[in-house]
**Student:** 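My questions will all concern the structure given below.
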2 protein chains.
Amino acid sequence: MRTGEKPEIARLPLFREMDEAKRERVFAGSFLQVFPPQLTLFEAGQHPDFLHVLVDGLVELSASSGDRDTTMRIVEPVTSFILAAVVNDLPYLMTARTLEASRILLVPAALVRELINQDTALMQATMHELALAYRGLVRALVDMKTRQSAERLGNYLLRQQARRQEGGLIQLQAEKRLLASLLGMTPENLSRAFSVLSNHGVRVEGSNITIADHEALSAFAHPDKIPV
Amino acid sequence: MRTGEKPEIARLPLFREMDEAKRERVFAGSFLQVFPPQLTLFEAGQHPDFLHVLVDGLVELSASSGDRDTTMRIVEPVTSFILAAVVNDLPYLMTARTLEASRILLVPAALVRELINQDTALMQATMHELALAYRGLVRALVDMKTRQSAERLGNYLLRQQARRQEGGLIQLQAEKRLLASLLGMTPENLSRAFSVLSNHGVRVEGSNITIADHEALSAFAHPDKIPV
DNA sequence: CGAACCCTTGATGGCGATCAAACGCCGTGG
DNA sequence: CCACGGCGTTTGATCGCCATCAAGGGTTCG
């Protein structure tokens, strides 16, 4: 692979603490590949051949049961994804497709598992990563079970704002229809949810969202109180 | 702690492969305690002091946002729970309370983290456990987002049957109101969901459920196709 | 024996899905 | 360069699933 993006990947929590030589083996054994938009990278049910690291672009993870599908996650760079399937060597539960042209580092799953067993720091990082991902899913499930749609949208906006800098301006990185699916509603109802939030401190201009009144939005959305 | 339940605990995936001497340290540093029914063991937001292993009894894990709560999991023996919070040393996201009188092994969180870092087999087991738990939550979230209530109940019954022996008889271990909350519905609607399923191969007699026609129920509930 | 409480069944209401149509944006092709 | 067509978004109307409210029957426990 080219050297340009190595530092950024090496800075990921997953690889940060591991042995330098072993990290080189990760890079040496991997492929950095460019994919066009709207391309399916893998499908749920397939055997996991690679750990994926999104270096640049945008990826959707979705899942389905019966004839309905739902967006599970929108992956932004630089992040690894589908770690759990690789660790357990069990079929993917989600389908991945690019939303934009994307550069993705493909680390052979067997190599990942081998290095995990050789490098304690990597194993520990994997363990922590999984534990954090687990917590994220617990929150997502609670969100879905206890809040109605406009509240979920409000909380999503609050979280997005927190993840970025201060200022209250949020740029939606994906289409609204995708955000709707991520939040477990239809595009029509997302639209209506935005208009509900306009009475609670949120201003919408296309994909530019402004949280004008953080207080009001928080009061409406009842965000999680437990930190991290 | 007494010796009677050691073998059963040692057989858990989490402790099974680890160094014998280290496992003795787990037992030596832990407390096996008996709790009455309806007792809160810990609350969401608290700092995790113990990894819990339910040896006997029944425990509910629940979570809330704002004024609504929801059952996240019903823990049956012999199982460890809240591993993720202990590993990350981050506040519990869920509240635990006993449903029946329960015997629980309390393993100090600091000890768990110390031994994980000393024993590769334990760390690996923890990693696998977390990855499996992650997959379980992915399925739960997809379930909630893509299926309606009677389908969720149908799938729950199919999964329960698969986890136990053949025969089609399922005994609900907890109250129906709890099952309702676990499945993200009200007790009233659980009742109605059961009566819907009576047209699809399910027979209900109190807390004894029989899957009389596995085919019919599967056709109705669209169970997950991806194994494990 | 009475008082809770759980479960069930019925009636009503609200949230969100579906159906439908209009608008705007963007890319393509004439 | 403009016209057209496709698609995403928005808004309105209707429908259906599920929550809520209400009441009655059964069981358990004091």
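Throughout, a chain's letter reflects where its sequence line sits, starting with A, and its residues are numbered from 1.
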**Student:** Between P on D:dC7 and CD on A:Gln38, what's the gap in Å once rounded to a whole number?
**Tutor:**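 About 12 Å, once rounded to whole Å.
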**Student:** For the pair B:Arg163 and B:Glu76, evaluate salt bridge (Lys or Arg N to Asp or Glu O under 4.0 Å) and give the outcome as yes or no after the intermediate values.
**Tutor:** CA-CA 12 Å; B:Arg163 285 211 306 127; B:Glu76 294 177 62; 3.2 Å; yes
**Student:** Give the rounded distance in Å between these two atoms: CD of B:Gln148 and C1' of D:dC15.
**Tutor:**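 Result: 13 Å.
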**Student:** Give a yes or no on whether B:Arg139 atom CZ has more than 12 heavy-atom contacts from other residues, nucleotides or ligands under 6.0 Å away.
**Tutor:**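 Correct, the count exceeds 12.
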**Student:** Does a sphere of radius 6.0 Å around CD in A:Gln171 hold more than 12 heavy atoms from other residues, nucleotides or ligands, not counting ones at 6.0 Å or beyond?
**Tutor:**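 Yes, enclosed.
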**Student:** Show me the protein contacts with nucleotides 22-27 of chain C, counting only N or O atoms at under 3.5 Å.
**Tutor:**
none

**Student:** Within the 4.0 Å limit for protein heavy atoms, which parts of nucleotides 9-14 of chain D are touched? Write it as a string from 5' to 3', B for base, S for sugar-phosphate only, - for none.
**Tutor:** SSBBB-
**Student:** Determine the minimum heavy-atom distance between A:Ala174 and A:Ile74, stating which atoms define it.
**Tutor:**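 Scanning both residues, the minimum pair turns out to be CB-CD1, 4.0 Å.
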**Student:** Going through the checks in order, is the side chain to side chain donor-acceptor pair (under 3.5 Å) test met by B:His47 and B:Asp89?
**Tutor:** CA-CA 7 Å; B:His47 187 84; B:Asp89 199 17; 3.0 Å; yes
**Student:** Whole angstrom is fine here: how far is it from CG in A:Leu183 over to P in C:dC15?
**Tutor:**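 Distance, rounded to whole Å: 18 Å.
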**Student:** Less than 4.5 Å apart, any side-chain heavy atom of B:Leu157 and any of B:Leu197?
**Tutor:**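 Counting from C-beta outward, B:Leu157 and B:Leu197 do come under 4.5 Å.
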**Student:** Would a distance-only check, ignoring hydrogens and angles, find a side-chain to backbone donor-acceptor pair under 3.5 Å from B:Thr70 to B:Ser181?
**Tutor:**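 Such a contact is found between B:Thr70 side chain and B:Ser181 backbone.
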**Student:** With sequence neighbours excluded, tell me which residues meet ring-ring contact (aromatic ring centres under 6.0 Å, His included) with B:His200.
**Tutor:**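 If we apply the ring-ring contact (aromatic ring centres under 6.0 Å, His included) test to B:His200, skipping adjacent residues, the hits are B:Phe220.
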**Student:** Taking B:Arg152 for the side chain and B:Gly184 for the main chain, is one N or O donor matched with an acceptor at less than 3.5 Å?
**Tutor:**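 Yes, because the side chain of B:Arg152 sits within donor-acceptor range (under 3.5 Å) of the backbone of B:Gly184.
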**Student:** Which residue in the set B:Val59, B:Ile82, B:Thr79, B:Leu137 passes side-chain contact (heavy atoms from CB on, under 4.5 Å) when paired with B:Arg73?
**Tutor:**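 So the option named by the test is B:Thr79.
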**Student:** Counting only heavy atoms from other residues, nucleotides and ligands, does the tally under 6.0 Å from CZ of A:Arg203 exceed 12?
**Tutor:**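 Open: at most 12 neighbouring heavy atoms sit under 6.0 Å from CZ of A:Arg203.
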**Student:** So B:Met185 and B:Arg192, do their side chains get closer than 4.5 Å, heavy atoms only?
**Tutor:**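 No, their side chains stay 4.5 Å or more apart.
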**Student:** Given atom CZ of A:Arg147 and atom C1' of D:dA19, what is their separation to the nearest angstrom?
**Tutor:**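 One finds 19 Å between C1' of D:dA19 and CZ of A:Arg147, rounded.
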**Student:** Relative to the ring of A:Tyr92, is the ring of A:Phe42 parallel (under 30°), tilted (30 to 60°) or perpendicular (over 60°)?
**Tutor:**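 A:Phe42 and A:Tyr92: parallel rings.
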**Student:** Tell me the interatomic distance from B:Glu151, atom CD, to D:dC17, atom P, rounded to whole angstroms.
**Tutor:**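 So the CD-P distance, B:Glu151 to D:dC17, works out to 10 Å.
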**Student:** Over its full length, what angle do the end axes of the helix from C:dC1-D:dG30 to C:dG30-D:dC1 make, each axis taken from five pairs and the result rounded to 10 degrees?
**Tutor:**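 Inter-axis angle at the termini of the helix from C:dC1-D:dG30 to C:dG30-D:dC1: 30°.
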**Student:** Ignoring backbone atoms, establish whether A:Thr186 has a side-chain N or O less than 4.0 Å from OP1 or OP2 of C:dA17.
**Tutor:**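 It does, given that an N or O in the side chain of A:Thr186 lies less than 4.0 Å from OP1 or OP2 of C:dA17.
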**Student:** If I take atom CG in residue A:Leu172 and atom C1' in nucleotide D:dG8, what distance separates them, rounded to the nearest angstrom?
**Tutor:**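 Between C1' of D:dG8 and CG of A:Leu172: 13 Å.
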**Student:** List the protein contact pattern of nucleotides 25-30 of chain D with one symbol per nucleotide (5' to 3'): B for base contact, S for sugar-phosphate-only contact, - for none; contact means a heavy-atom distance under 4.0 Å.
**Tutor:** ------
**Student:** Go through residues 62-71 of chain B and report each residue with a non-hydrogen atom lying under 4.0 Å from DNA chain C, sorted by number.
**Tutor:**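 Heavy-atom cutoff 4.0 Å gives no residues at all.
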**Student:** Whole angstrom is fine here: how far is it from CE in A:Met144 over to C1' in D:dC18?
**Tutor:**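 One finds 16 Å between C1' of D:dC18 and CE of A:Met144, rounded.
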**Student:** Test B:Leu217 against B:Gln161 for side chain to side chain contact (heavy atoms under 4.5 Å, CB included), laying out the working first.
**Tutor:** CA-CA 12 Å; B:Leu217 181 56; B:Gln161 191 207 25; over 6 Å; no
**Student:** Could you tell me if the side chain of A:Arg103 sits less than 4.5 Å from the side chain of A:Val34, heavy atoms only?
**Tutor:**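 Side chain of A:Val34 against side chain of A:Arg103, heavy atoms only: contact under 4.5 Å found.
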**Student:** Looking at A:Leu105, A:Leu106, A:Val55, which hits side-chain contact (heavy atoms from CB on, under 4.5 Å) with A:Gln33?
**Tutor:**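 For A:Gln33, the side-chain contact (heavy atoms from CB on, under 4.5 Å) check succeeds only for A:Leu106.
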**Student:** Figure out the CE/C1' separation between A:Met185 and C:dC15, and round it to whole Å.
**Tutor:**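 Those two atoms, CE and C1', are 12 Å apart.
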